[in-house]
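The shown structure was predicted, so the numbers you read here are calculated from the model rather than taken from an experiment. Every number for a ligand or one of its atoms is a count from 1 in the order of the listing.
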Amino acid sequence: MSRAKGELPPVPEPLPHPVADTHTHLDISTGARLPLAEKDLPPEYEAEQDADAPALPDVDEFRSRALASGVTRAVQIGCELPSARWTAQLVAGDDSGWLVGGGALHPNEAPRLAAAGLLEDALSEIDRLVAGPRMRVVGETGLDYFRTGDEGRPAQEESFRAHIEIAKRRGLALQIHDREAHADVLRVLDDAGAPDRVILHCFSGDAAFAAECAARGFYMSFAGNITFKNAEPLRQALREVPDELLLLETDAPFLTPVPYRGAPGGSYLTALTARAAAAVRGEELEALCRRAWHNAETAIGGW
Ligand SMILES: [Zn+2]
Ligand SMILES: [Zn+2]
C-alpha cells in the first residue's frame, strides 16, 4: 500500500441505506484525549504511533467523511473520566444530528481508580455526566480479563455492577466491553438484572455465546475485526445473530477493517464493515443496512 503511515484510509463508496456507528472514540481519534495507557493500545495501532505521523483530523473531518459514506449517525464513547467529560460537552454542543454520546469507566480503568481510592467519586461523576443532553449510553463497562489480572477482578465487577445500576435508574442503554470474560459478563448481568437495552460492543464471542446473548435479547455490535483473517469464529457468531439484534460499529480509531488494518480508522469505515457483514451473512447490503439502522435507533434510543 502506498498510503503514508498513520494516514486515514480513503472514504468508501456510500452505502445504499444509511447506518449508525454505535461505538467510536473521537477523543482518541482527534488526539483530544490519549488512550487509557500506552499498554492498552492494540499492537496494530501502536505501530502507527510515531513522530512522523500527520496531524490528526478533527471532529468535523470525521463527521464529513462519515456523512459522505452513509454513516449518518454515530455514538461517541468516553471511557474514562476525562473522556466522559469531553464527550458530554461535545455532544451537548453538537446539534448536527450525527452524534450522541455515552460515558463510563472502562473495566481496565476501574482497578486503577479503586487502588487510588477514587472509584466511588468517579462513578458518581459518571452518573451525573450520562444525564446530560444527548447522552444516551452508559458504557463502555464490563469485564476485561485480557488486560487486567486476577487482582483487578473485584474492582472491575464492582464498577460493572454500579454501571448496570446507573443504566437501569436512568433508563439508558448499557454498552458492554467483554474481553475474555464471556461467562462472567453473563453471570453478573443475570445476577444484577440487566437493563432493558444491553449492547455487547465489539462482540468477540463465538456462535454459542451469540446464542446465549440472543436468548437474553442482548444486542450484538460488530466491528472491523470481522474482516480479520483469523476471525472465523467471530464470523460464525455473526451468522447466528438474529436480525433484530444486529448492530454495527467501528471502535475507531481501533480495529480498522481489512485492507486498512493497522491504520487509524473513523466512523466512516462502518461502510466497509457493513459490506463485510452482508457478505458473511449472505444478505443483500441494503437490507442489512436498513436493519442495522433501525436496530440502532431502538438500542440507543434516538439521535
Ligand atoms: Zn471495548
Ligand atoms: Zn471502545
Exercise. With F209, which residues qualify under ring pair (Phe, Tyr, Trp, His ring centres under 6.0 Å), at least two apart?
Worked result: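 Here the qualifying residues are H182, F203.
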Exercise. Under the 6.0 Å and 45° cation-pi test, does R179 pair with Y145?
Worked result: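 No.
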For this session: Compute both the distance and the angle, then confirm whether R197 meets the cation-pi test with Y219: under 6.0 Å from the six-membered ring centre, within 45 degrees of the axis.
Result: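 R197 over Y219 ring: no.
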Exercise. What residue among T87, T250, T30, D251 forms side chain to side chain donor-acceptor pair (under 3.5 Å) with H25?
Worked result: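 Considering T87, T250, T30, D251, a side chain to side chain donor-acceptor pair (under 3.5 Å) with H25 is found only for D251.
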Problem set entry | Any donor-acceptor pair under 3.5 Å from D184 side chain to R187 backbone |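 Not a single qualifying donor-acceptor pair exists.
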Exercise. Can you tell me if W98 uses its side chain to pair, donor with acceptor, with the backbone of V75 under 3.5 Å?
Worked result: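 The answer is no, because no donor-acceptor pair under 3.5 Å joins these two groups.
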For this session: Just the protein N/O/S atoms under 2.8 Å from the Zn ion (ligand 2), please, no waters.
Result: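 Those protein N, O or S atoms (cut-off: under 2.8 Å from the Zn ion (ligand 2)) are H23 NE2, H25 NE2, E140 OE2, D251 OD1.
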